[in-house]
Amino acid sequence: MYRIIDGKKTAEQVLNKIAVEVKELKDNSKDIALAVIIVGDNPASRVYVNNKKKDCALVGIESYEYALPADTSQEELLALIDELNQRKDINGILCQLPLPGHFDEKAVLNAISPQKDVDAFHPVNVGHIMIGDCLLLPCTPAGVMELLKAYDIPIAGRHCVIIGRSNIVGKPMAMLMLKENATVTVCHSKTVDLAGITRQADILIAAVGQAKMIKADMVKEGAVVIDVGMNRDENSKLCGDVDFDGVAPKTSAITPVPGGVGPMTRAMLLANTLTAAKVQFGE
Ligand code: NAP
């Protein structure tokens, strides 16, 4: 019988711990605040930003929204980021992606101070991940690591196969699994014999963005399967990269979609904001 890795429950536990720490800091007059920048009126971005503000309120972190019109110039956005970088009362900064087409997204993300970069997208933080001394971690891979820890899933010495090599999920995921002494294989769209490789995985992490592409014949009996994907199926229902019904009975543990990695990603943003604040407070 397989275990369902419950991201919702684990995220609640993470948030409870964060709330306790935030309160302790508050009691010592150390308030924590996150600045959330949103440019334009992308409906999905609006939902994400609203959720982030709700999550902040839940744990006692102050959130300040900076909603800028779609025709904001790159210079204006960079000036705002510069101001937020300087402000002592702002501990974390995030700029909701995607930005409207006329922005140089890389330049915008690089302008955020690495100490306040709660998405951990800045090259300085990416570099820290590479050398294994990271403080701020990209939220989704960090959430996956928390889930594996919460369910006592051993990592050292096991073969972890990651499908996807994006800068925000696949690549940092590989680094975090390496740090925990997994043997890591990263697959992508040019990988030959994907199923032959995924069948070798003790821990299979799918971060592809293709609804239900991982089928039962691609998974080893007893594997742990982590589904990062967030897609819509043929009925517009939210689903992952893994064909859950077919794959789950073959696994020892599996994350559902929704209710798996998603809630953990949200929780880890707050964990990063707390971490950033503690460093700034000299804690
Ligand atoms: P991405 O930037 O589009 O990267 C997708 C990766 O999958 C690429 O490396 C691509 O290979 C690889 N790929 C595509 N088709 C493939 C195939 N047929 N076989 C093997 N590899 C294939 O996506 P992402 O940002 O990493 O996100 C991946 C998924 O996770 C999406 O569904 C996204 O919505 C979801 N996501 C969820 C959360 C969460 O909180 N749950 C957070 C972030 C992302 P190439 O590099 O060769 O193109």
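Order of appearance sets the numbers: ligands from 1, and atoms from 1 within every ligand. Keep in mind the model is a prediction, meaning the values are calculated, not measured.
- Counting non-hydrogen atoms of neighbouring residues, nucleotides and ligands closer than 6.0 angstrom, the OH atom of Tyr66 exceeds 12 such neighbours.
- Side-chain polar atoms of Asn16 and Glu12 form no donor-acceptor pair below 3.5 angstrom.
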Could you go through residues 29-44 and list every donor-acceptor pair under 3.5 Å that involves a side-chain atom there, pairing it with any protein atom two or more places apart or in another chain?
residue, atom, partner, partner atom, Å
Lys30, NZ, Glu283, OE2, 2.6
Asn42, OD1, Ala44, N, 2.9
Asn42, OD1, Ser45, N, 3.2

Taking distance alone, no hydrogens or angles, what donor-acceptor pairs closer than 3.5 Å link side-chain atoms of residues 164-172 to residues at least two apart or in another chain?
residue, atom, partner, partner atom, Å
Ser166, OG, Val169, N, 3.0
Asn167, OD1, Lys171, NZ, 2.9

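- For residues 203-229, every residue pair satisfying the side-chain hydrogen bond (donor to acceptor under 3.5 Å, both in side chains) rule, not counting sequence neighbours, is listed here: Asp202-Lys220.
- Protein residues lining ligand 1, listed by chain and number: Thr140, Ile163, Gly164, Arg165, Ser166, Ile168, Val169, His188, Ser189, Leu194, Ala207, Val208, Gly209, Gln210, Met213, Val228, Gly229, Met230, Asn231, Val261, Gly262, Thr265 [non-hydrogen atoms, distance under 4.0 Å].
- Met145 and Ile5 fall within a single hydrophobic cluster, where Ile, Leu, Val, Met, Phe, Trp and Tyr side chains are chained together by heavy-atom contacts under 4.5 Å.
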